[in-house]
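Note that the structure is predicted; figures quoted are calculated from it, not measured. Residue numbers start from 1 in every chain, and the chains themselves are labelled A, B, ... in the order their sequence lines are given, proteins ahead of strands.
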Number of protein chains: 2
Amino acid sequence: MSEGAGVASQRIADQLRERILTGQLAPGTRIIQDELAEELRTSRLPVREALRIVASQGLITLRANQGAWVTRMDMRECDLTYRMRERLEPMLLTESAPHLTDDDIDELSELQDRIERGTEVEEFLVLDRRLHWTVYRHHNAEELASICARLWDTTQHYRRAFTRLTGSQRGWIIGAEHRLLIQALRDRDHVSAEQVLELHIRRTRVELSRHPEVFG
Amino acid sequence: MSEGAGVASQRIADQLRERILTGQLAPGTRIIQDELAEELRTSRLPVREALRIVASQGLITLRANQGAWVTRMDMRECDLTYRMRERLEPMLLTESAPHLTDDDIDELSELQDRIERGTEVEEFLVLDRRLHWTVYRHHNAEELASICARLWDTTQHYRRAFTRLTGSQRGWIIGAEHRLLIQALRDRDHVSAEQVLELHIRRTRVELSRHPEVFG
DNA sequence: GCCGCTCCAAATGGATCCATTTCGAGGCCG
DNA sequence: CGGCCTCGAAATGGATCCATTTGGAGCGGC
């Protein structure tokens, strides 16, 4: 795949990705090669390659002779993306779970503690992601993992909007799901862990589908 | 995503993809920018972009400051790819099946007739692919479809080797599975169609896992 | 007053040139 | 004789310049 090529291109791609995931660049925003190049003190060439890298991760959309925009999703696409996650992330869990150490699982508990103590949306998004990917930490399936990461990233903006909207109402549900997941992992009951994870993603999808206003 | 950008880049990417899928370029083959550029009467720049496009589809692997190789898989990766297909292609079927016309289904039957009459490996690969993607013809899920296509493409070389190896021994199994799939679609029994499709992919995966020599 | 045509500025696409990195061949030293 | 080091060719990465395309502003005609 495309982890290689161009140190500069990769750096620029990472920065672009960061800005999109943190919400600095909203879906629909146009990205102009010259602007990015000047701002990052480089030529347009590595910028062009960076745009391609980020496009291959689904975060921006390119159109020939026209330019690049931060990818925009409608509710239908977002729903489908969550359905894919429901089928793929449990696979990723299965690949990783047998290799989780007791320390890993303690780390999961601590992350959930912090999630429950916190109130900031941005903090929640970071911790939630870190929790999930700690579960997947020992996967040995790059392809699968990169697809899952892509599905996660492309819905990040709408997850943020959704979280802001529903506030802490859903906190205890997510908490219960996370705790059940962590306990199943601690018990080495991987089938249940898979099932809880699928449930967790599906429940979020269903709730999201009840908030069309997230998609403006 | 990355359907746009650079008419030339896109053309070159298509040619590269074609050569890999038809087996002209085997996994592990190194691709040198200068050679491709000279052969296609263009400069290295669109070649570089084409390499990125094809890399984003998983068919070649880039390493910074080193170059590009046709992606090589081991049995474990191939097995995982088939497992992903088992979970995703039935989804794609579900998106498309309700919109299949009687003509579409007749076309499927004719394709299967031709598969059963033929003996050439290359012909089989083409017809088999056409059959599957005729089933998916009316999907309205670009992301899902592009992931499925990617999973299909990256295993193409090993499917070819496998087909050459097992010859026509598996022909009647594939025929039965395809016929059952087509009949379920004709009966508008989409749940059964999904199930047959999953079975079909899983059976192929299991057989493939019994032939490690394919990954020599 | 509205629609359409022309032309121009701005942005993307491609070619060429130069810099940098990698890897192997060949020689030198131990 | 073998291992290491150096050097150079070859390939990739980046910068600059030019070509092409696009879309909108402004003018003209109906």
Side-chain angles (χ1 to χ4, degrees), chain A residues 1-20 24-72 142, chain B residues 1-20 24-72 142:
Chain A
M1 228 195 327
S2 71
E3 104 286 332
V7 191
S9 314
Q10 199 62 52
R11 211 195 66 239
I12 297 169
D14 288 342
Q15 290 193 33
L16 245 181
R17 191 164 163 280
E18 177 78 7
R19 289 185 192 187
I20 295 171
Q24 291 172 58
L25 286 173
T29 307
R30 176 158 186 195
I31 296 164
I32 284 148
Q33 298 178 5
D34 281 321
E35 290 180 7
L36 244 186
E38 189 182 8
E39 182 186 341
L40 302 178
R41 313 268 188 229
T42 176
S43 86
R44 264 179 46 224
L45 199 142
V47 170
R48 277 162 71 173
E49 304 211 324
L51 289 177
R52 244 175 227 310
I53 293 173
V54 181
S56 81
Q57 298 166 341
L59 287 177
I60 67 175
T61 301
L62 301 176
R63 284 193 300 178
N65 287 317
Q66 296 191 20
W69 289 261
V70 179
T71 303
R72 191 195 291 265
E142 282 311 320
Chain B
M1 229 194 326
S2 72
E3 103 286 330
V7 191
S9 314
Q10 199 62 54
R11 210 195 67 239
I12 298 169
D14 288 342
Q15 291 193 34
L16 245 182
R17 190 164 163 279
E18 177 78 7
R19 288 184 193 187
I20 295 171
Q24 290 172 59
L25 286 174
T29 307
R30 177 157 185 197
I31 296 165
I32 284 147
Q33 298 178 7
D34 281 321
E35 291 181 6
L36 245 186
E38 189 181 9
E39 182 186 340
L40 302 178
R41 314 269 189 231
T42 176
S43 85
R44 265 178 47 225
L45 199 142
V47 170
R48 278 161 71 173
E49 304 210 324
L51 289 178
R52 244 177 224 309
I53 293 173
V54 181
S56 81
Q57 299 165 341
L59 287 177
I60 67 175
T61 302
L62 301 175
R63 284 193 299 179
N65 287 316
Q66 296 191 19
W69 289 262
V70 179
T71 303
R72 190 196 292 266
E142 282 310 321

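At least one donor-acceptor pair closer than 3.5 Å links the side chain of T71(A) to the backbone N or O of G58(A).
Atom CZ of R48(A) is separated from atom P of dT12(C) by 10 Å (rounded to the nearest Å). The CG atom of L40(B) sits 15 Å away from the C1' atom of dA15(C) (whole-angstrom rounding). Between the P atom of dA15(C) and the CD1 atom of I12(B) lies a distance of 8 Å, rounded to the nearest Å. Summarising the geometry, the separation between CZ on R44(A) and C1' on dC17(D) is reported as 11 Å, rounded to the nearest angstrom. Remark: C1' of dG14(C) and CZ of R52(A) are 13 Å apart, rounded to the nearest angstrom. In this entry the distance linking CZ of R63(B) with P of dT21(C) reads 18 Å, nearest Å. Note: CZ (R41(B)) to P (dA15(C)) measures 13 Å, nearest angstrom. Nucleotide dG13(D) holds its P atom 15 Å from the CZ atom of R11(A), rounded to whole Å.
Residues L16(B) and L36(B) form a side-chain contact, since some pair of their non-hydrogen atoms from C-beta on lies under 4.5 Å apart. Annotation: side chain of L45(B) is in contact with side chain of L45(A) (closest heavy-atom distance under 4.5 Å).
In this structure, the separation between CG on L59(B) and CD1 on I53(B) is 12.5 Å, given to the nearest 0.5 Å.
For dG14(C), the OP1/OP2 oxygens have a side-chain nitrogen or oxygen of S9(B) closer than 4.0 Å. Taking 4.0 angstrom as the limit, Q66(A) places none of its side-chain polar atoms (N or O) nearer than this to OP1 or OP2 of dT21(D). When the side-chain nitrogen and oxygen atoms of T42(A) are compared with OP1 and OP2 of dG14(D), none of them lie within a distance under 4.0 Å. The shortest distance between the side-chain N/O atoms of Q10(A) and the OP1/OP2 oxygens of dG13(D) is not below 4.0 Å.
Residue contacts for L51(B): at a heavy-atom cut-off of 4.0 Å it reaches no nucleic acid atom on any strand shown. Counting any heavy atom pair closer than 4.0 Å across all strands shown, L45(B) reaches a base atom. If you check every strand for non-hydrogen atoms under 4.0 Å, R30(B) touches sugar and phosphate atoms only.
Nearest to the side chain of Q33(B), among dT22(D), dG14(D), dT12(D), sits dT12(D). Closest contact between the side chain of E49(B) and the listed nucleotides dT21(C), dT16(D), dG14(C) involves dG14(C). Of the listed nucleotides (dG14(C), dT21(D), dT12(D)), dT12(D) has the atom at the smallest distance from the side chain of I32(B).
Counting heavy-atom neighbours within 6.0 Å of R30(B) CZ, excluding the residue itself, gives a total above 12.
DNA chain C is contacted by both A68(A) and P46(B); A68(A) maps to the nucleotide lying nearer its 5′ end (nearest heavy atom per residue).
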